[in-house]
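Residue numbers start from 1 in every chain, and the chains themselves are labelled A, B, ... in the order their sequence lines are given, proteins ahead of strands. A quick note: this is a predicted structure, and the numbers were derived from the prediction, not measured.
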Amino acid sequence: MTSVSKMYVNKSFPSSFPWSVKDQTVLQICSFPVTSVSSEQNLVKNECLVFAQMPKRISVSTHYHETGMGEKGDLQRNVLDSSHLISIGLDEDEFVGTSLIDMYAKCGDMDSAVVLFNQMPRLDVASCNCLISGYASCGLFDEAFSFFMKFDSFGNKPNPYTYSTMLSICGTLSVIEEGKQLHAQVVKMQHLSETAVSNVLLTMYSKCGAMEEAESLFNRLPQRNLISWTAIINGLYKHEDFEKAMMLFCLMRENGIEPNEYTFTIALACCRSVKNLDNGRLLHALVIKRGMALGEFVGTAIIDMYSELGQMDDAEKHFKGMGTLASKVSWNALTKGLVHNEKAHDALDAFSEMVRKDTACDEFTFSIILKACASLPSFTSCQQIHARVVKANFDTNMHVGSSLIEAYTKCGSVEDAERVFSQISVPDVISWNSVIKAYSQNSNPRRAISLFRGMIDKGFRPTGSTFLAVLSAYSHSGKIQDGQEIFQSMVREFGILPEEAHYSCMVDLLGRSGQLEKALDFINNLPIKPTASIWTPLLAACRCHNNLQMAEFVAKHILALDQNAATVYVTLSNMYAEARQLVDAENQRKLMKLKEVTKEPGCSWIEVKNKIHKFFSLDRTHPESAKIYNKLNQVMIQIKDNASANANPLYPEEDSCLYHSEKLAVCFGLISLPAGKPVRVFKNLRVCTDCHMFMKFASMITERVIVLSDNYRFHHFNKGCCSCRDYW
DNA sequence: CTAGGGTTAG
C-alpha cells in the first residue's frame, strides 16, 4: 500500500493501474475535505477510496446515504472514511462488501481484499468475481486460475462475468488451449449469447494469434454489437491485415453501426499503416463532424497518421488545435513525427516545451527524444537527457536503455553505451543487439564478438540484426574465416534467412580482405537477384585494392540498378585519375553532371565552410559553438595555405583546397554528422595516418568525441587506402 | 456489487 501513498504524494499514476482517471478529476477528488485523517492506516484507506472509480464511489456512498447515516452534502467526507463504514457495520452489507473488495483489489491491495472476502457473511458470485479480476489486474494469474478451479467450494457457479475475466487472462497470457477449454464451457453453459463473453472470446483468439478462429467465430455470432466489430477490426489491425480491417470498418458502417472513438482510432491507425492519405483525411473529416477529433485517443491517432505520411504541417496544426487536451501520448506522437521527418532540432524544442509545461514524461518520451539526439548526433543533449532518464528512474527500462545505447553509439561513446547496458534490469535481444552494434561500429570488433558469445551463453536467441553487427565486426577485424562460419551458422543453426544487408556485409567481408574474385563468386551464386547495395561494397574493395578492371565491371552492374549512384562516378573518376587516364576520369565527371546526379555533400572548400558554420549556428546544445567555429576556421586557412604538395592530378588548380577540404569534410563528418546527409562522406571511409591525426586534432579542438562509423578501417593507416584521395 | 474494444518507443 505504500506505493499508493507515494503515488498520491507525487500526483501521478503508474500506467499499470487498471483504470484511468484524468488529472483534473484526481485533483478534484483530492480537494474533498478529508477531516478524519489521523493515522497512517487511515490515510492509506482514504487514498484507496480517493483512487477508486467514480461510479463505484457513488454507489458505495449511495448505500451509505440510503441507510440514513449521512447528509447529502456530507457524502464525500463520509465515503472517504472506509474505517467508519466498517465501524458502523456496513461492511457486512453484501453489496457494500463486494464494492469494498473490488475497490481494494483495484487498488492493488489484494491482502485487504482477501481479508474482507473471508469476513463476508455470505459469498455470492460477484464477490468471487471481484477477487478474480483483482488477481488478474495485479498480474497474479496463477492465483486467478487456482481460485477459478475451486469456485465450487464457495458454493457458486461461474457466471458470464467470471468467464469474461478468465478469458481475458487467457488472451493476456496468450494461452490458447486454456482459452479453448473455457470456450467449450461457455458454449455448454449457453453464455455465448452474452455479447460481452463472445467479445472477449474474439479478443482472446486474436491475442493468441488465431485470427482464423476469431474470424469464423465473428461470422457465426448471433449478435454483434459495436464492441464485437471493434474487437475483430483491432485483431486484424494488430495482425497487420490492414486492408481487411478497413473493409470490415466500412462493412460495419453499412450495417448501420456507428463507429465511436475506439473504432476511429484503429481505422486511423490502419490508414497510417497502408499509407493511404486520402482515406486518412476522409476519416479526419468524419471525426470532425462527430466532434471527436480533439479527443485524447482520436487526436493522437490523427497526429500519428499525418506525421507518418510526411504531413508534419497537418500534424502540428492538429496538435496545436488539441491544446490542453493533448496528453503525453499526443506529445510523444508529435515528437516522434518530428524525429522521423528529420526535424530533430524541432523535436528537441518540443521536448523542452513539454517539460516546461510540466507534462509527465514516460519511457516512450525518452525513447523518442533519444532518437533525436542520436540523429544529430548531439553528445551534450544525450548527456542531458540521460540525466533526466536517471532522475525519472527509467535507466533500468530496456526500451529507454537501448535508445540510450544507440544514441551514445552515434556519439562515439562506447563506454557510456556499455555502462547504460549494465544498468538495464532485464535486457532483451534488442538491448544486446544495440550494445554489440556499439562495439562493432566503434572500432572494437573483438569486444563485439565476445559480447555476442556472452549473449548466446545466456540463452538469448540472436536475430538478423545481431548477425549484421557481428558480421560487420568480423569484417573489420579481418577475420574472414570466422565471418564465413558465423554466416553459415546463422542459416543452419539459427534458421535465419539472410537479407540483402547480410549479403552486402559478406561481400564487404570478402572484398575488404582483398578476395575480390571470391566476393564476385559470392554475388553470382546468391539465391536472390543482387541489388545495388550488394554490389557497392565490392566497388569499394576494388578501389581499395586497385583493381580498375573489376571496378568497371561492377560499376556497370550498379548503374544498371541505380542510375544515380554518385559513388560509382566518383570512385571511377578517381581511379582513372590515379591511373593517369585523365580523359576517362573527366568523362565520369561529365557523366555525373549529365545525369544530374546529386553530388555528395561536404566536398568543396566553400561547401564545407558553410556546413560547419550552419552546423554550429544550429547546434544550440553546444555551449561554445562560436569559439569552436573560429578555431576551426583558423585551422582551415592554415591548411589551405600549406597545401600545395598534394595536388589533384586532374585539377591541379582547384586542387589543394579540394584535397584538404575533403579531409575537413571527413572531420566535419565526425564533428557534426547531421541527420542522414553527410554521413556519406564518412561512410566507406578509409583513413590514412595523416587524416587520422587530423581527425584527432579536430576532435580535440572541438572537444567532441570521434565517431567512427561503419567502414572505418582503424587498422589500415596506409596512405594508399585513404578517402582523402577522392577528389569530388 | 462483478465482465468485453483504442493511440506512442528501442
Side-chain angles (χ1 to χ4, degrees), chain A residues 55-56 59-60 62-63 93-103 105-106 124-134 136 158-169 171 191 194-204 206 225-235 237-238 259-269 272 295-305 307-308 327-337 339 362-371 374 394 397-407 424 427-431 433-434 437 465:
Chain A
K56 202 166 7 271
S59 63
V60 172
T62 311
H63 274 272
D93 177 288
E94 223 172 279
F95 286 75
V96 175
T98 306
S99 285
L100 277 172
I101 293 172
D102 189 45
M103 178 202 73
K106 285 214 164 83
D124 66 355
V125 206
S127 337
C128 296
N129 289 342
C130 288
L131 215 58
I132 287 198
S133 76
N159 69 0
Y161 287 84
T162 326
Y163 284 112
S164 298
T165 312
M166 291 312 295
L167 282 164
S168 162
I169 295 175
H191 290 326
E194 290 278 339
T195 43
V197 176
S198 53
N199 291 345
V200 73
L201 265 169
L202 286 176
T203 314
M204 186 273 295
S206 70
N225 62 10
L226 173 60
I227 297 174
S228 328
W229 284 93
T230 314
I232 193 76
I233 293 173
N234 185 36
Y237 165 70
K238 286 272 155 68
N260 65 3
E261 274 107 332
Y262 283 71
T263 334
F264 273 120
T265 305
I266 308 167
L268 281 160
R272 172 208 59 197
E296 185 185 335
F297 281 90
V298 175
T300 306
I302 291 173
I303 295 170
D304 188 49
M305 184 267 296
S307 64
E308 191 75 14
S327 69
K328 68 181 169 198
V329 187
S330 323
W331 278 98
N332 291 349
L334 178 84
T335 321
K336 187 202 84 166
V339 177
D362 61 3
E363 58 270 44
F364 286 78
T365 319
F366 288 117
S367 218
I368 294 164
I369 202 63
L370 281 164
K371 191 153 188 159
F394 282 125
N397 177 286
M398 63 180 176
H399 281 99
V400 179
S402 303
S403 308
L404 262 170
I405 296 175
E406 296 273 335
I424 301 178
D428 69 345
V429 197
I430 299 180
S431 324
N433 286 355
S434 305
K437 213 164 84 190
S465 310

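Here A/L226 lies in heavy-atom contact (under 4.0 Å) with a base. Contact annotation for A/S403: backbone-only contact, meaning every heavy-atom pair under 4.0 Å involves sugar-phosphate atoms and none involves a base. Residue contacts for A/F394: at a heavy-atom cut-off of 4.0 Å it reaches no nucleic acid atom on any strand shown. A/M398 comes within 4.0 angstrom of a nucleotide base, judged by non-hydrogen atoms across all strands. As judged by a 4.0 angstrom heavy-atom cut-off over every strand, A/T195 is placed among the base-contacting residues. Residue A/S431 is in base contact, counting any heavy-atom pair closer than 4.0 Å across all strands shown.
Side-chain atoms of A/T203 lie closest to B/dG5 of the nucleotides B/dG5, B/dT2, B/dG10. Of the candidate nucleotides B/dT7, B/dT8, B/dG5, B/dT8 has the atom nearest to the side chain of A/N332. Of the candidates B/dG6, B/dC1, B/dT2, the closest approach to any side-chain atom of A/D124 belongs to B/dC1. You'll find that the side chain of A/D362 is closest to B/dT8, out of B/dT7, B/dT8, B/dG5. Side-chain atoms of A/I227 lie closest to B/dG4 of the nucleotides B/dC1, B/dG10, B/dG4. Side-chain proximity of A/S164 to B/dG6, B/dT2, B/dA3: nearest is B/dA3. Distance from the side chain of A/D304 is smallest to B/dT8 among B/dT8, B/dA3, B/dG5. Comparing B/dG6, B/dG4, B/dG10 against the side chain of A/S367 picks out B/dG10 as the nearest.
For A/H399 and B/dG10, the ring-to-base geometry does not satisfy the stacking test (centroid distance below 5.5 Å, interplanar angle below 30°). Residue side chain A/F364 meets the stacking definition with respect to B/dT8: its ring centre sits within less than 5.5 angstrom of the base's six-membered ring centre, and the planes differ by less than 30 degrees.
Atom-to-atom, CG of A/N159 to P of B/dA3 comes out at 11 Å; the value is rounded to the nearest Å. Between the CD1 atom of A/I266 and the P atom of B/dG5 there is a distance of 11 Å, rounded to whole Å. Atom CD1 in A/I424 sits about 19 Å away from atom P in B/dA9, given to the nearest Å. The separation between A/I369 atom CD1 and B/dG10 atom C1' is 15 Å, rounded to whole Å.
Going from atom CD1 of A/I430 over to atom CD of A/E406 covers 9.5 Å, rounded to the nearest 0.5 Å. Annotation: the span from A/M398 atom CE to A/E363 atom CD amounts to 10.5 Å, rounded to 0.5 Å.
Distances shorter than 4.0 Å separate none of the side-chain N or O atoms of A/K328 from OP1 or OP2 on B/dT8. Taking only side-chain nitrogens and oxygens, A/K336 never comes nearer than 4.0 Å to OP1 or OP2 of B/dT8. Side-chain N/O atoms of A/K371 include none lying less than 4.0 angstrom from OP1 or OP2 on B/dT8. Distances shorter than 4.0 Å separate none of the side-chain N or O atoms of A/R272 from OP1 or OP2 on B/dT7. Taking 4.0 angstrom as the limit, A/N234 places none of its side-chain polar atoms (N or O) nearer than this to OP1 or OP2 of B/dG5.
Checking each of A/V197, A/V125, A/D124 against A/N159 for a side-chain contact (heavy atoms from CB on, under 4.5 Å) leaves exactly one that passes, namely A/V125.
Applying the ring-ring contact (aromatic ring centres under 6.0 Å, His included) rule to A/F394 yields the partners A/F366; only residues at least two apart in sequence or on another chain are considered. In this structure A/T165 satisfies the side-chain contact (heavy atoms from CB on, under 4.5 Å) test together with A/I132, A/S133, A/A136, sequence neighbours excluded.
In the interface, the side chain of A/D428 is paired with the base of B/dG10 through a donor and an acceptor atom under 3.5 Å apart. Taking only distance into account, the side chain of A/N433 never meets the base of B/dG10 through a donor-acceptor pair shorter than 3.5 Å. Looking at A/S198, its side chain has no donor and acceptor atom pair within 3.5 Å of the base of B/dG4.
Residues A/K336 and A/E308 form a side-chain contact, since some pair of their non-hydrogen atoms from C-beta on lies under 4.5 Å apart.
In this model, a donor atom of one side chain and an acceptor atom of the other lie less than 3.5 Å apart for A/D362 and A/N332.
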